[in-house]
Amino acid sequence: MTDRSAVKDALRAQRIETPSWGYGNSGTRFKVFAQPGVPRDPFEKLADAAQVHAATGAAPKVSLHIPWDKVEDYAALSAHARGLGLEIGAINANVFQDDDYKLGSVTNPDPRVRRKAVDHLLECVDIMDATGSTDLKLWFSDGTNYPGQDDTSTRQGRLADALAEVYERLGDDQRILLEYKLFEPAFYTMDVPDWGTAYAHCLRLGPKATVVVDTGHHAPGTNIEFIVAFLLREGKLGGFDFNSRFYADDDLMAGAADPFQLFRIMHEVVKNGGLAPETGVAFMLDQCHNIEAKIPAVIRSVMNVQEATAKALLVDTGALTAAQDAGDVLAANEVLMDAYSTDVRPLLAEVRAEAGLDPNPLAAYRATGWADKIAAERVGGHQAGWGA
Ligand code: LRH
Ligand code: MN
């Protein structure tokens, strides 16, 4: 697809969902560093997300995390979002921070704890009804630390029962986005450790259950773009949690640690029709900005996804297919590397300028003085964070 105007149309239409928790304080088990001006509530998080959308024109949706974004009136929060030109995106359930969940949430040996966990998932569907969100994102920290600690098949049965009950509750336009993770916080088994397990559960559930690929949740060296191509072909890719990492679930800015991997992923997305809105792939960021300024970090991440997408859209698919069919290994690789080696920043600057945006979103944000404004205004109160 090297038709320049079609490439620009696709880039203009791209939408990236930002995480409410990306605007709050976060860290590691060693330290959470506070920053001046950090939001104290979901309303302020949305105000910061609106700055990202104003600067990039490509981030009108914000994912929420419950209870980190718990409010009295979710309809009011949704109206506040609309007032800022935003929309509430995925609702992330949280069954990983309660003392009751030490031995698991929906897979816990104790039926009282399983009931509590499922009730929270159902509460998140109620919140989706109130905010107009269509996506229930489920990540389970459930797992074991030692061989023999619990029975894997029994836990899979408990997981399947819980998912089936939640699936039953979904409205017609609502769906489950099931996220997998290889390890952490459990270190022997995770109950949804990989794409295969997530895919199998989603197949069993039905068409409203899809898989989320968090780019930080794989063993080092995993070919993530293979998983993406496979799930797209099966119509089971619900979305991405984009971030990047050098080692484990580092949750660094998308594309920062491995821009070539992000390009390879977006190449499979483009090639398998994943950019088309009807494919329903949610392009979400899931990151933590432990030491860097949060809003510019989110803007940079949106730009990194846009750059990877632009390079993927510039792949000469005709030449690629011809070389592949001819078995010309080097020629095929060259076609892809030509696209990857293309400096797409001028093209994206052009797309932004034609949309009436500053060609440089980071400069646009700096010019607003928002960082100083919130540092001066947001004094007192309790800065938002993971509350772990
Ligand atoms: C788990 C995860 C999940 C979110 C959390 C913030 O590691 O990727 O998507 O609930 O991060
Ligand atoms: Mn994630």
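What you are looking at is a predicted structure, and each value in this text was computed from that prediction instead of being measured. This chain uses plain numbering: 1 for the first residue, then up along the sequence. Every number for a ligand or one of its atoms is a count from 1 in the order of the listing.
Nearest to the Mn ion (ligand 2), among the N, O or S atoms that D214 has, is OD2. Take the N/O/S atoms of D286: the one nearest the Mn ion (ligand 2) is OD2. Closest approach between the Mn ion (ligand 2) and any N/O/S atom of D241 involves OD2. Closest N/O/S atom of E179 to the Mn ion (ligand 2): OE2.
In this structure, K236 fails the cation-pi test against Y199, since its NZ or CZ atom is not both closer than 6.0 Å to the six-membered ring centre and inside 45 degrees of the ring normal. Because its NZ or CZ atom is both nearer than 6.0 Å to the ring centre of F260 and within 45° of the ring axis, R264 counts as a cation-pi partner of that residue.
In summary, K137 and D135 do not engage in a salt bridge, as defined by a charged side-chain N under 4.0 Å from a carboxylate O. A salt bridge links R112 to D100: at least one charged side-chain nitrogen sits closer than 4.0 Å to a carboxylate oxygen. Residues D241 and K181 are not paired through a salt bridge, judged by the lack of any N-O separation under 4.0 Å between the basic side chain and the carboxylate. Comment: R300 engages E307 in a salt bridge, judged by a side-chain N to carboxylate O separation of less than 4.0 angstrom.
Of the protein's non-hydrogen atoms, the one nearest atom 9 (O) of ligand 1 is E179 OE1, 2.6 Å.
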How far apart are the C-alpha atoms of E350 and R345, what are their side-chain angles, what is the distance that settles it, and do they pass the salt bridge (charged side-chain N to carboxylate O under 4.0 Å, His left out) test? CA-CA 9 Å; E350 199 180 308; R345 293 172 295 180; over 6 Å; no
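Proximity to D241 (heavy-atom distance under 4.0 Å) selects the following atoms of ligand 1: 9 (O). In the vicinity of K181, heavy-atom distances shorter than 4.0 Å reach the ligand 1 atoms 7 (O). Close approach of ligand 1 to K137 (heavy-atom distance below 4.0 Å) involves ligand atoms 9 (O).
Within a 6.0 Å sphere centred on CG of D173, other residues, nucleotides and ligands contribute more than 12 heavy atoms. Residue E278 qualifies as enclosed at atom CD: its count of foreign heavy atoms under 6.0 Å is above 12. More than 12 non-hydrogen atoms from other residues, nucleotides or ligands lie less than 6.0 angstrom from CZ of R12.
Between W68 and ligand 1, no N or O atom pair is found at a separation short of 3.5 Å. Checked against a 3.5 angstrom limit, the closest N/O atoms of N92 and ligand 1 fall outside it. Looking at D214 next to ligand 1, an N or O pair under 3.5 Å apart turns up.
Using a 4.0 Å cut-off between heavy atoms, D249 contacts ligand 1 through its side chain alone, with no backbone atom that close. For W386, every heavy-atom contact with ligand 1 shorter than 4.0 Å involves the side chain, none the backbone. Heavy atoms of N94 found under 4.0 angstrom from ligand 1: none, in either backbone or side chain. Counting heavy atoms under 4.0 Å from ligand 1, residue E184 does not touch it at all.
Among D286, T215, L138, V95, the residue whose heavy atom lies closest to atom 8 (O) of ligand 1 is D286.
Atoms OG and CD, from S26 and Q35 in turn, are 8.0 Å apart once rounded to the nearest 0.5 Å.
Under a 4.0 angstrom heavy-atom cut-off, H65 registers as being in contact with ligand 1.
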